[in-house]
*Asks:* 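Got a structure for you, questions after.
Each chain gets a letter, A, B and so on, in the order its sequence line appears, and its residues count up from 1.
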Number of protein chains: 2
Amino acid sequence: MALKNKSLYAILGILNVSPGTGYDIKKYCDTVLSGFWNENFGHIYPTLKKMLIDELVEIVESETSEKKIQYQITPKGQMELEAWLMEDSEIQPMRSEFMLKLLFSSNQPKEHVIKMLEDYKQLHVKKLEKYLDMQHDLEQGIEEISEERSRFLKATLRRGVLSCEATIRWCEETIDSGL
Amino acid sequence: MALKNKSLYAILGILNVSPGTGYDIKKYCDTVLSGFWNENFGHIYPTLKKMLIDELVEIVESETSEKKIQYQITPKGQMELEAWLMEDSEIQPMRSEFMLKLLFSSNQPKEHVIKMLEDYKQLHVKKLEKYLDMQHDLEQGIEEISEERSRFLKATLRRGVLSCEATIRWCEETIDSGL
DNA sequence: TGAATTTTATATCAGAGTGATATAGTTGTC
DNA sequence: GACAACTATATCACTCTGATATAAAATTCA
């Protein structure tokens with residue numbers, strides 16, 4: 001099987017929640033999915049065009065006809081989404097520039113390495129705060145989300161929290177070790 | 001600043017440890033760096049060629065002249081590496097296909113979602129075992145690594161362990177919740 | 001010894017994904 | 001009503017991915 005365009009599935013999943021423009025899709029990624037999914041305009045628009053040709057999405061003929069293009073998922077698109085949801089997930093390779101830099105820093109001055117770790121920790125403290133805020137908002141039921149979807153969103157947020165906490169603990173432990 | 005080729009820094013860091021071929025670099029990524037760095041031949045070879053032109057690396061004239069090309073870092077390459085090590089790291093966007101799939105699975109049969117989580121947990125149990133083995137090997141001092149480098153390698157392994165443990169705990173917690 | 005298999009080694013390609021930049025209408029605000 | 005901020009689409013060069021092709025060297029084992 002050739003290389004898969006993963007953005008396609010992200011777009012199907014988002015449009016399956018509610019129809020929207022390419023811009024809306026980007027906003028959804030930058031907010032709801034921000035903890036574990038990144039998407040660029042430079043990939044969203046070409047992918048939407050391809051999906052239109054493949055009839056996975058269709059254009060909603062909007063009343064206020066401007067230059068904005070509203071998309072919605074088609075039955076074919078829903079089948080494609082469903083098939084992907086049923087597929088087994090494989091382990092994905094990752095790239096952490098920070099960890100790479102750290103490993104190659106054994107000859108750097110100790111104080112610089114400690115500074116690196118402290119900055120990295122701070123980044124994750126901020127990220128953790130953001131997750132906790134989002135968790136709080138979700139608990140308050142500010143957004144109009146079904147009980148069902150809310151439970152899944154909470155699970156993803158919970159993972160973000162645990163992951164941040166683990167990273168923060170690792171930073172502290174490593175700083176304390178003095179390396 | 002234009003988009004940066006991160007592979008270049010990975011290659012500089014690896015060659016700074018010891019000279020080697022493109023193939024050696026790939027092997028190093030797949031073993032030592034496997035927890036946090038992925039590299040492909042399709043990017044290593046063209047990058048090495050570019051680095052040769054920019055005089056960041058040079059070819060070692062080897063005695064056993066086959067078609068294998070041995071590279072070593074140049075003083076200019078070491079300066080480039082040093083400059084990168086001193087740069088602040090920024091937060092990097094990520095993509096977890098598993099988390100994306102999970103979030104969009106609120107209408108899937110519960111047993112399928114539980115299965116997904118159990119498979120994902122199992123993947124991380126295996127990964128954790130691998131990290132613990134590597135940690136053990138490092139503790140035994142099997143490889144010939146300097147005390148200094150060994151401490152940094154241990155720190156990266158420790159992060160892998162903590163991260164896996166957090167993921168496993170999250171899986172268990174989420175499975176138990178029944179969603 | 002020699003056949004089969006695995007490992008070492010380089011190279012190339014199409015397509016996925018990134019981030020910057022250009023353009024322009026619409027909305028908010030001071 | 002000027003200015004800033006937001007909405008919206010599009011394109012570009014470049015990075016990165018994973019598949020595939022090729023072939024020599026080393027290893028297995030019959």
*Asks:* Which ring pair (Phe, Tyr, Trp, His ring centres under 6.0 Å) pairs, counting each pair once, include a residue from residues 88-129 of chain A, with sequence neighbours left out?
*Replies:* Phe98(A)-Tyr120(A), Tyr120(A)-His124(A)
*Asks:* Group every Ile, Leu, Val, Met, Phe, Trp and Tyr by side-chain heavy-atom contacts under 4.5 Å, then state whether Ile114(A) and Leu85(B) land in the same group.
*Replies:* yes
*Asks:* Provide, to the nearest angstrom, the distance between the CG atom belonging to Asn40(B) and the C1' atom belonging to dA16(C).
*Replies:* 12 Å
*Asks:* Decide, yes or no, whether a salt bridge links Lys6(B) with Glu97(A) under the criterion of side-chain N to carboxylate O below 4.0 Å.
*Replies:* yes
*Asks:* Scan Lys26(B) against the nucleic acid and name what it touches under 4.0 Å (heavy atoms): base, sugar-phosphate only, or nothing.
*Replies:* nothing
*Asks:* To the nearest Å, give me how far apart CG (Leu3(B)) and P (dC16(D)) are.
*Replies:* 8 Å
*Asks:* For the residue pair Lys154(A) and Ser177(B), establish whether any side-chain heavy-atom pair is separated by less than 4.5 Å.
*Replies:* no
*Asks:* Quick one: bend of the helix from dT1(C)-dA30(D) to dC30(C)-dG1(D) from 5 pairs per end, to 10°?
*Replies:* 40°
*Asks:* When the nearest nucleotide of DNA chain C is assigned to Lys27(B) and to Glu39(A) on a heavy-atom basis, which residue is associated with the more 5' position?
*Replies:* Lys27(B)
*Asks:* Among residues 6-25 of chain A, which contact DNA chain C at a heavy-atom distance under 4.0 Å?
*Replies:* Lys6(A), Ser7(A)
*Asks:* Write down the distance between CG (Leu100(B)) and C1' (dG17(C)), rounded to a whole number of angstrom.
*Replies:* 15 Å
*Asks:* Could you tell me how far apart Asn38(B) (CG) and dT15(D) (P) are, to the nearest whole angstrom?
*Replies:* 17 Å
*Asks:* At a heavy-atom distance below 4.0 Å, what parts of residues 41-53 of chain A sit against DNA chain D?
*Replies:* Phe41(A), Gly42(A), Tyr45(A), Lys49(A)
*Asks:* Assess whether a salt bridge exists between Lys121(A) and Glu172(A), defined as any Lys/Arg side-chain N lying under 4.0 Å from an Asp/Glu carboxylate O.
*Replies:* yes
*Asks:* I want to verify a distance call: between dG15(C), dG19(C), dA9(C), whose nearest atom is closest to the Pro93(B) side chain?
*Replies:* dG19(C)
*Asks:* Could you check which of dA13(D), dA16(C), dG18(D) has an atom nearest any side-chain atom of Asn5(A)?
*Replies:* dA16(C)
*Asks:* Quick test of your reading of the model: are Glu55(A) and Lys50(A) salt-bridged, counting only N-O distances below 4.0 Å?
*Replies:* no
*Asks:* Spell out, as yes or no, whether a donor-acceptor pair under 3.5 Å connects the side chain of Ser105(A) to the backbone of Lys101(A).
*Replies:* yes
*Asks:* Between atom CD in Glu90(B) and atom P in dT18(C), what is the gap in whole Å?
*Replies:* 15 Å
*Asks:* Distance check needed: dA14(C) C1' versus Lys4(A) NZ, whole Å only.
*Replies:* 17 Å
*Asks:* Please identify each residue that fulfils side chain to side chain contact (heavy atoms under 4.5 Å, CB included) with Asn40(B), with sequence neighbours left out.
*Replies:* Asn38(B)
*Asks:* When you measure from the side chain of Thr174(B) to the backbone N and O of Trp170(B), does any donor-acceptor pair fall under 3.5 Å?
*Replies:* yes
*Asks:* Rounded to the nearest angstrom, tell me the gap between atom CE in Met94(B) and atom P in dC16(D).
*Replies:* 17 Å
*Asks:* On DNA chain C, nearest-nucleotide positions of Gln70(B) versus Arg95(B): which is more 5'?
*Replies:* Gln70(B)
*Asks:* Can I get a per-line list of side-chain donor-acceptor pairs under 3.5 Å for residues 8-18 of chain A, giving both atom names and the distance, sequence neighbours left out?
*Replies:*
unit_1, atom_1, unit_2, atom_2, d
Tyr9(A), OH, Lys4(A), NZ, 3.0
Asn16(A), OD1, Gln78(A), NE2, 3.1

*Asks:* Are any of the side-chain nitrogens in Glu148(B) or Lys110(A) under 4.0 Å away from the carboxylate oxygens of its partner?
*Replies:* yes
*Asks:* Can you check the Lys68(B) NZ to dA9(C) C1' distance for me, whole Å?
*Replies:* 9 Å
*Asks:* Might you confirm whether atom CD1 of Ile91(A) has over 12 heavy atoms from other residues, nucleotides or ligands at distances under 6.0 Å?
*Replies:* no
